[in-house]
There are 4 protein chains.
Amino acid sequence: MQIQARVKDQSLISEKRRQILEGAIQVFKRKGYHKATVREIAEEAGISLGSIYDYVNSKDDILYLFFDGYATTFFEKVRSRASKIADPLRRLEIAYRAFLEVAMELEDQVMLSYTQARYVQKDYLKVILRKESEIVEHFKRIIDELGKGPFDPFLEANFLVYSGVFGVLRRWILRPRYGREEIIDYLVQTQVQEMIRRIQGKTIRNSEFGMRSNQ
Amino acid sequence: MQIQARVKDQSLISEKRRQILEGAIQVFKRKGYHKATVREIAEEAGISLGSIYDYVNSKDDILYLFFDGYATTFFEKVRSRASKIADPLRRLEIAYRAFLEVAMELEDQVMLSYTQARYVQKDYLKVILRKESEIVEHFKRIIDELGKGPFDPFLEANFLVYSGVFGVLRRWILRPRYGREEIIDYLVQTQVQEMIRRIQGKTIRNSEFGMRSNQ
Amino acid sequence: MQIQARVKDQSLISEKRRQILEGAIQVFKRKGYHKATVREIAEEAGISLGSIYDYVNSKDDILYLFFDGYATTFFEKVRSRASKIADPLRRLEIAYRAFLEVAMELEDQVMLSYTQARYVQKDYLKVILRKESEIVEHFKRIIDELGKGPFDPFLEANFLVYSGVFGVLRRWILRPRYGREEIIDYLVQTQVQEMIRRIQGKTIRNSEFGMRSNQ
Amino acid sequence: MQIQARVKDQSLISEKRRQILEGAIQVFKRKGYHKATVREIAEEAGISLGSIYDYVNSKDDILYLFFDGYATTFFEKVRSRASKIADPLRRLEIAYRAFLEVAMELEDQVMLSYTQARYVQKDYLKVILRKESEIVEHFKRIIDELGKGPFDPFLEANFLVYSGVFGVLRRWILRPRYGREEIIDYLVQTQVQEMIRRIQGKTIRNSEFGMRSNQ
DNA sequence: AATGAATGAGCATTCATTCAT
DNA sequence: TATGAATGAATGCTCATTCAT
């Protein structure tokens, strides 16, 4: 889905749109999509109000661009941390951990994505959902390699992804009590480890499992 | 938190507010809180525009009343299905199943609750969150009775509740593929059964576990 | 100008209208005619909202009734204090002093009358102005008896009446500094005494002039 | 007290505000502040409804701007006609005459100022009253130079100013009968001349007094 | 390409008035 | 007669979008 711009220079378009999105995210974070005004976004982006419409056709477009950029970034970040480790058990853990870390890194965007999704126009929504489902597919492929378990792997993958944003979506209740790592460990052990057990009947011991992937 | 009404008759207030909320939920479902107009809510509720303001002081109040009613109803429904069964293992399963069923029953409201929560005014939000956390407490108490497990029971309870709305929040992707019962069974078995296992080290066999609680 | 009432009983009408006006004056004082709501007037009057419309046809009517009542009361009060003293010099002073005292007594109504007059409907306005001009006529007649002076007596009478509400209309600046009597004496001596001097060429000595008429 | 504008260009702001005020005064004259709608003001001002809010934050602001502009203009006009004549007797007469002429020149604004003053917001009111009291101070200073009279000079100054708008506030009754000059002469002779007499014991003969100051 | 002033459709809210009980 | 719930026209204000410069 290509958004039309009045301006021709492609590299200028990318640069300005990046600027606009940066501003928009700040404003969306503060007040959500609806209460955000284009004026405020322009100010936050350090661009003139009129100029926004040289790069975007409507306020809706900004939301779409946000989702589009977010989905792309998210997926790329997760994939870039994918390991080449052959062992599918470790691969799943590492991929999930990467997902959790990226979700926390982009927590504002994740939050926005889950609360503002319904406001993108129908035709845009499809594009976004297609992108979002790539991440589910990514996990499904890894799960498939584990072998056949008692549940449909697509369902498992969907729940895994859903579980992965628990720390972000419930942060207002979790944050004051639990540290980032605590939540990550909890999720890795209760979701990934148990998924592996139920598919392969194996229990991975803590000594070899649950180590932080970074550092 | 009491919402003032211009009208005195309490039973009339309840009745009209119910009517208003019914209309509001329809409209919120279609367009979300912000795009919903009070006019449209009035129409949908079969009440005149001006009359809405006899029962409610602002559009914000309608959102608050929705959340308040939703949280109360939800909790009551879940609690009303609580069993007197002494066995804490079965109690947890039955409570969780009840939660899942109520969430699906009230799916529109659950959905709204998760996407529109940020739009309630700050002072109202506190009241609502207090109510919502009761449900977490409810599960925490049941979990506590299982004994001491490897994770903080409040964290476990929070995740359990979060997992319980998976089927609703992801319905657009799950619905076309999986039936209600399939999702319920999946969640009961992967979340409750495995939680029990990790706390008590017991595995409940499928033959005695995972049966539908209704019928 | 007769205001129609839905109710027949004349004495009931008078009584209720008095009640309504009492409430209305309180509210008008607080917020002026426009910001006063009929609901608030009803509350203040201790009468039901709907019932107001049994005695009055519109909010405008209330304003008219206020002016009508005010003008009548004012004139009657001033006239009732008129003396039978034959000396026209003393008569003028006594009448003016009576006017000042009544204006201060009814200061809220005087104030309302001067600030809200423009909001009565055109056809009502005529009736009110006719009544108000009676008071000017009253003074003109007294002035006429003084003899022929250098200025048109109607102009003199008008200014006299205008000067008489100085203490009320400027009370926010005068009140903190000057007492009631101080203002009255100032006006009597500068307006009445000098008017007499310019008409009759006489100066009334303070010993025989400027004494308070009451007590 | 500075009113914020969305627009930056100061000279544009002045120009448009002038335009808005011009329109507002027309509408206020016709229906008073409350019945005036912003829509109507916009039309009368030849500006779009939305644009009004680029120069003003609320309808209240328009009223404030009116008062502020009026008080400033009035004072400047009066002061600009102040003479350098050393004789304080003549100075008082000339200043009063200037006041009367300005009041009649700005009669619509004077009228509005006296009837709509109560509708400005509290915090704005202070600013306006401070400005208005400058004119009283102006006269008090001139009176002070006449010497010590029987009454408090601040009280005298206040009444003088009050008397000065008689012709405007009572125009509906005076206008059909008396000309502008007739009213001016009446006020000058009865208020200023007699004030001088009572302070200095002098009578200024008509031959040297009461001549029009212009032409 | 960039700017920001101008536009007006759209919305929440108020309140005089009506009318069923 | 009295009551107060119901009605909807009217109004202040916002904000996405356009367009002249």
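Lettering of chains follows the sequences in order, A, B, ..., and the numbering in each one begins at 1.
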I'd like a list of close polar pairs between nucleotides 18-21 of chain F and the protein, N/O only, cut-off under 3.5 Å.
none

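- If you check every strand for non-hydrogen atoms under 4.0 Å, Ala36(B) touches sugar and phosphate atoms only.
- Of the candidates dG12(F), dA1(E), dT13(E), dA1(E) carries the atom nearest the Val7(A) side chain, counting heavy atoms from C-beta on.
- Across the protein-nucleic acid pair, Lys31(A) atom NZ and dC15(F) atom P stand 8 Å apart, rounded to whole Å.
- Taking atom OH of residue Tyr119(C) and atom P of nucleotide dA16(E), one finds them 15 Å apart after rounding to whole Å.
- To the nearest angstrom, C1' of dC13(F) lies 17 Å from CD of Glu40(D).
- Within residues 58-70 of chain B, no residue has a heavy atom under 4.0 Å from DNA chain F.
- Asp9(B) places its CG atom 13 Å from the C1' atom of dT3(F), with the value rounded to the nearest Å.
- Judged by distance alone, the side chain of Lys31(B) and the main-chain N or O of Tyr119(A) form no donor-acceptor pair under 3.5 Å.
- Distance Ile41(B) CD1 to dA12(E) P: 8 Å, rounded to the nearest Å.
- In this structure, the side chain of Asn57(A) engages the main chain of Gln4(A) through a donor-acceptor pair within 3.5 Å.
- Under the 3.5 Å distance criterion, the side-chain polar atoms of Lys35(C) are left unmatched by any main-chain donor or acceptor of Val27(C).
- When each of His34(A) and Ser51(C) is assigned the nucleotide of DNA chain F bearing its nearest heavy atom, the one mapping closer to the 5' terminus is Ser51(C).
- For dA16(F), the paired base is dT7(E) (Watson-Crick or G-U wobble, both distances below 3.5 Å).
- Taking the charged nitrogens against the carboxylate oxygens, Glu44(C) and Arg39(C) have no contact shorter than 4.0 Å, which rules out a salt bridge.
- Donor-acceptor pairing under 3.5 Å is lacking for the side chains of Ser51(C) and Lys16(C).
- With hydrogens and angles disregarded, a donor-acceptor distance shorter than 3.5 Å links the side chain of Arg6(B) to the backbone of Tyr53(B).
- With rounding to whole Å, Ile47(D) atom CD1 is found 12 Å from dG8(E) atom P.
- Ranked by how close their nearest DNA chain E nucleotide is to the 5' end, Lys35(B) and Tyr55(D) are led by Tyr55(D).
- Under the Watson-Crick or G-U wobble criterion, with both distances below 3.5 Å, dA2(E) is paired with dT21(F).
- Side chain to side chain, Asp61(A) and Tyr55(A) fail the donor-acceptor criterion of an N or O pair below 3.5 Å.
- Remark: side-chain polar atoms of Lys29(D) are not paired, donor with acceptor, to backbone N or O of Gln109(D) under 3.5 angstrom.
- Looking at Phe28(B), Tyr70(B), Tyr33(B), Phe67(B) one by one, the single match for side-chain contact (heavy atoms from CB on, under 4.5 Å) with Leu112(B) turns out to be Phe28(B).
- Between Arg39(B) atom CZ and dT11(F) atom C1' the separation is 11 Å, expressed in whole Å.
- Of all nucleotides listed (dT17(E), dA1(E), dA6(E)), dT17(E) comes nearest to the side chain of Val38(C).
- Of the possible donor and acceptor atoms, none in the side chain of Arg17(C) sits under 3.5 Å from a partner among the backbone N and O of Val56(C).
- If you find the closest nucleotide of DNA chain E to Ile52(D) and to Asp54(A), the one lying nearer the 5' end belongs to Asp54(A).
- Comparing atom distances between the Ser48(A) side chain and each of dA1(E), dA2(E), dA16(E) picks out dA2(E) as nearest.
- The side chain of Lys16(B) places an N or O atom within less than 4.0 Å of a non-bridging phosphate oxygen (OP1 or OP2) of dA6(F).
- The CD atom of Gln10(A) sits 15 Å away from the C1' atom of dA1(E) (whole-angstrom rounding).
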